[in-house]
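Written below as structure tokens is the structure these notes are about.
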Amino acid sequence: MDAKQLHILQHSLGLDHYGRGEPYRNHFVTGEGSKDHADCMGLVDLGLMTVRSGSALSGGDDIFRVTDAGRAAVPANSPEPPKITRSQQRYLDYLEADCCMSFGDWLKWKTRVAAAAREARYV
């Protein structure tokens, strides 16, 4: 499997290019003559995808689905994510908090919470 085919499998499952995330879909729609069709057919030949003929819903394009072997191949072939700095991790934590504060306000709040926790340990 080449890098383009790996990307197709990742995209089909809704994962990032490191194979991370929770799969939330399992399909890839492309038609004969498109730039991805030959790669998808190669994945079918490898047993990593299945194909169904298109319908009106897919605009006549073929519908590809990732097999269990394809699901297993994604983490085995995906590159390791890069190491991130403490600052980058802090910003990712802020994004995950999904709060209505600005990043600066969130940092101040986080500092106050950490200080209160330290104080509570020594009381």
Side-chain angles (χ1 to χ4, degrees):
M1 165 175 36
D2 63 24
K4 188 173 178 190
Q5 290 174 323
L6 176 61
H7 176 73
I8 289 171
L9 290 176
Q10 292 166 336
H11 180 76
S12 299
L13 296 171
L15 305 174
D16 72 2
H17 58 278
Y18 300 111
R20 297 179 303 185
E22 190 64 36
Y24 62 92
R25 63 178 176 232
N26 185 358
H27 67 277
F28 194 91
V29 178
T30 186
E32 237 178 283
S34 73
K35 64 181 182 154
D36 296 322
H37 195 269
D39 289 310
C40 288
M41 291 306 290
L43 289 165
V44 170
D45 292 341
L46 292 171
L48 303 177
M49 290 188 105
T50 60
V51 63
R52 273 193 351 194
S53 296
S55 65
L57 185 61
S58 67
D61 291 340
D62 292 335
I63 303 166
F64 295 87
R65 293 181 56 86
V66 181
T67 63
D68 289 339
R71 284 180 181 271
V74 170
N77 292 285
S78 294
E80 287 291 319
K83 301 253 186 230
I84 59 174
T85 65
R86 232 174 41 168
S87 297
Q88 290 169 326
Q89 184 60 55
R90 192 176 322 139
Y91 187 68
L92 290 174
D93 292 343
Y94 162 70
L95 293 176
E96 192 173 308
D98 195 25
C99 59
C100 58
M101 292 183 242
S102 69
F103 182 56
D105 289 341
W106 182 81
L107 285 174
K108 291 173 192 169
W109 171 81
K110 191 106 163 106
T111 303
R112 286 192 309 268
V113 168
R118 278 192 307 274
E119 198 173 295
R121 267 186 277 160
Y122 296 113
V123 174

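Taking Lys110 as the reference, nothing meets the salt bridge (Lys or Arg N to Asp or Glu O under 4.0 Å) condition, with sequence neighbours excluded. Residues passing the ring pair (Phe, Tyr, Trp, His ring centres under 6.0 Å) test with Tyr91, sequence neighbours excluded: Tyr94, Phe103.
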Under the side-chain contact (heavy atoms from CB on, under 4.5 Å) rule, what do Ile8 and Cys40 come out as? Steps first, then yes or no, please. CA-CA 8 Å; Ile8 289 171; Cys40 288; 3.8 Å; yes
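When the shell of 6.0 Å around NZ of Lys108 is examined, it contains 12 or fewer heavy atoms from other residues, nucleotides or ligands. Sparse packing is recorded around CG of Leu57, with 12 or fewer heavy atoms of other residues, nucleotides or ligands lying under 6.0 Å away. Around CD of Gln89, the count of heavy atoms belonging to other residues, nucleotides or ligands within 6.0 Å exceeds 12.
Annotation: side chain of Asp62 is not in contact with side chain of Val29 (no heavy-atom distance under 4.5 Å). Side-chain contact between Asp36 and Lys4 is present, with heavy atoms from C-beta onward closer than 4.5 Å. Between Gln10 and Arg20, every side-chain heavy-atom pair lies at or beyond the 4.5 Å cut-off. Counting only heavy atoms from C-beta outward, the side chains of Asp105 and Trp109 never approach each other to under 4.5 Å.
Between Ser58 and Gly54 the shortest heavy-atom distance is OG-CA, 3.4 Å. Between Met1 and Asn77, the shortest heavy-atom distance links the atoms CE-ND2, 3.2 Å. Taking each heavy atom of Val44 and Thr50 in turn, the nearest pair found is CG2-C, 4.1 Å. Looking at every heavy atom in both residues, Leu48 comes nearest to Ala73 through CD2-CB, 4.2 Å. Pairing each heavy atom of Ser12 with each of Val66, the nearest pair is CB-CG2, 3.6 Å. Nearest heavy-atom pair across Asp39 and Gln5 is O-NE2, 3.4 Å.
Side chain of Arg65 to main chain of Asn26: a donor-acceptor pair is present (N/O by atom type, distance under 3.5 Å, no hydrogens or angles). Between the Arg90 side chain and the Thr85 main chain, no donor and acceptor come within less than 3.5 Å of each other.
In this structure, Leu46 is a member of the same hydrophobic cluster as Phe28, with clusters built from ILVMFWY side-chain heavy atoms closer than 4.5 Å. Linking Ile, Leu, Val, Met, Phe, Trp and Tyr residues whenever their side-chain heavy atoms come within less than 4.5 Å leaves Leu95 and Tyr18 in two separate clusters. Hydrophobic cluster membership differs between Leu15 and Leu92, with clusters built from Ile, Leu, Val, Met, Phe, Trp and Tyr side chains linked at under 4.5 angstrom.
Here the straight-line distance linking atom CE of Met49 with atom CE of Met41 works out to 11.0 Å at 0.5 Å rounding.
Within the structure, every pair that satisfies the ring pair (Phe, Tyr, Trp, His ring centres under 6.0 Å) test and touches residues 33-89, not counting sequence neighbours, is listed here: His37-Phe64.
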